Engineer: 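Sharing a structure, written as structure tokens. Questions coming.
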Amino acid sequence: MNNDTTPRNDEKSIRQFLTTHKHEPRPNKWFAQRVVNKLPDNTSSACKIVMCVATLIAVVLCGVLLYLSPQYILMPRENNITISLLSIYTAMISTVILVALQVIRLIKTYF
Amino acid sequence: MLLVSRVMLLDDRRAFAALVEQHQPAIRRFFLHQTMGDEMLSDDLAQETFIKLYYSIKQFKGLSHFSTWLYRIAYNVFQDYLRRNKATESSDSIPEGATTPHCDTQMDINRAMQQLNPTERATITLYYIEDRKVEDVASILQLPVGTVKSHLSRGRNKLAEFLKNNGYE
């Protein structure tokens, strides 16, 4: 019976010893900043942020346009295709391309 | 996970700093036990770990928990450190003079850790101090579960012997 309980006692005493005696690192509030300072220059990250913001703005603008005048954009009269309407179409196609690029980047990052 | 995504997608430095802040106590504690209390060395190795994390974060596929993956980087950093120092000293002899124990109890844990070889030390630290499952430890050390169990058992026997000889029972 003693042989059965000994490993369990060892386990218990080891766990207790390690829990009470373990090292705890001293608080170091500059640690993260020091690591960040050692990283390379991140000018490209600014470009990525600008691209994300631009995509977001484009999507919102397209949404607003579609919401305000869906018939004018989606079902124009045949003789009423104006320059402004063509510009709206171009902007919308650009937005779709922009979103597609972001989605491709997202997929490439994760898979 | 949101912080990891922000770092991956946007190279967001603030998110990375927050990620470091979140995980640094555990990683520094892991190294403190591997180096037997050498704070300066532990901080240097932890710093190296986070820099390696930054460069390889895009390789994180989310198949394991992020902290498990981070511990794997930390363990590899420590293995590299041991290899670099192999020429001058034996792999499990981190200079005793370099350790800076705060009190007798920490001297005892350093002495206890010295009874173990580096793999046993890492296994015992992850299992008992960092409270990781055997499967996680196996994933971190890139060893089969059975091998981890053997290391745990050997380490446990050595520690039990140490505790008996030093009046901890």
Side-chain angles (χ1 to χ4, degrees), chain A residues 2-57 98-111, chain B residues 5 8-14 16-22 24-29 31-33 36-37 39 42-43 46-51 53-55 58 60-62 101-102 105-110 112-113 124-125 127-129 131 153 155-157 159-164 168-169:
Chain A
N2 203 15
N3 280 345
D4 288 343
T5 53
T6 304
R8 214 176 299 158
N9 287 343
D10 282 350
E11 169 87 19
K12 201 178 162 190
S13 56
I14 289 167
R15 196 174 282 281
Q16 198 178 1
F17 170 78
L18 291 173
T19 312
T20 48
H21 291 74
K22 71 178 177 188
H23 289 284
E24 277 303 339
R26 290 181 210 193
N28 182 350
K29 62 176 180 176
W30 302 113
F31 183 86
Q33 195 50 52
R34 229 174 279 155
V35 172
V36 172
N37 288 346
K38 288 197 171 181
L39 300 179
D41 187 32
N42 71 331
T43 41
S44 63
S45 87
C47 297
K48 285 175 191 170
I49 292 169
V50 167
M51 188 144 166
C52 275
V53 171
T55 309
L56 201 70
I57 291 170
L98 218 53
V99 171
L101 283 175
Q102 294 285 10
V103 170
I104 289 168
R105 239 182 68 196
L106 201 76
I107 290 169
K108 269 188 182 173
T109 312
Y110 277 107
F111 303 101
Chain B
S5 306
M8 278 168 103
L9 296 174
L10 304 169
D11 190 14
D12 186 340
R13 295 290 165 95
R14 278 189 191 174
F16 184 72
L19 204 61
V20 174
E21 202 55 56
Q22 196 178 321
Q24 56 106 349
I27 296 300
R28 285 169 65 213
R29 185 171 55 231
F31 281 125
L32 269 176
H33 291 98
M36 285 161 291
E39 281 186 40
S42 298
D43 280 6
Q47 212 168 82
E48 200 179 325
T49 301
F50 284 110
I51 290 169
L53 165 75
Y54 176 80
Y55 283 109
K58 286 188 177 168
F60 177 62
K61 306 280 181 207
H102 300 155
T105 57
Q106 290 194 335
M107 242 162 85
D108 280 351
I109 197 170
N110 292 346
M113 286 294 179
I124 293 283
T125 307
Y127 185 74
Y128 285 107
I129 296 171
D131 224 12
S153 168
R156 212 164 13 220
N157 289 342
L159 285 180
E161 187 74 26
F162 172 83
L163 294 183
K164 268 176 207 150
Y168 275 99
E169 281 194 338

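Proteins get letters first, then strands, A, B, ... in listed order; numbering begins at 1 in each. Everything numeric here is computed off the predicted structure, so don't read it as measured data.
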Engineer: In Å and rounded to the nearest 0.5 Å, what is the CG to CZ distance from B:Asp108 to B:Phe162?
Structural biologist: 5.5 Å

Engineer: Less than 4.5 Å to any heavy atom of chain A: does that hold for the side chain of B:Asn157, its backbone, both, or neither?
Structural biologist: neither

Engineer: Given side-chain contact (heavy atoms from CB on, under 4.5 Å), test A:Arg34 with B:Phe50 step by step and report yes or no.
Structural biologist: CA-CA 11 Å; A:Arg34 229 174 279 155; B:Phe50 284 110; over 6 Å; no

Engineer: Counting only N and O atoms by type, is there a donor-acceptor contact under 3.5 Å from the side chain of B:His33 to the main-chain atoms of A:Lys22?
Structural biologist: no

Engineer: Only counting residues at least two apart or in another chain, list the ones meeting side-chain contact (heavy atoms from CB on, under 4.5 Å) with B:Ser42.
Structural biologist: B:Phe31, B:Leu32, B:Thr35

Engineer: Taking every non-hydrogen pair under 4.5 Å, which of A:Gln102, A:Arg15, A:Gln16, A:Gln33 racks up the most with chain B?
Structural biologist: A:Arg15

Engineer: Among B:Gln47, B:Arg28, B:Glu21, which residue forms the greatest number of heavy-atom pairs with chain A at distances under 4.5 Å?
Structural biologist: B:Arg28

Engineer: Sort out for me which of B:Ile129, B:Asp131, B:Leu19, B:Leu159 touches chain A most, counting heavy-atom pairs under 4.5 Å.
Structural biologist: B:Ile129

Engineer: Is B:Ala18 in contact with chain A via its backbone, its side chain, both, or neither, using a 4.5 Å heavy-atom distance?
Structural biologist: neither

Engineer: Can A:Lys12 and A:Asp10 be counted as an ion pair, charged N to O under 4.0 angstrom?
Structural biologist: no

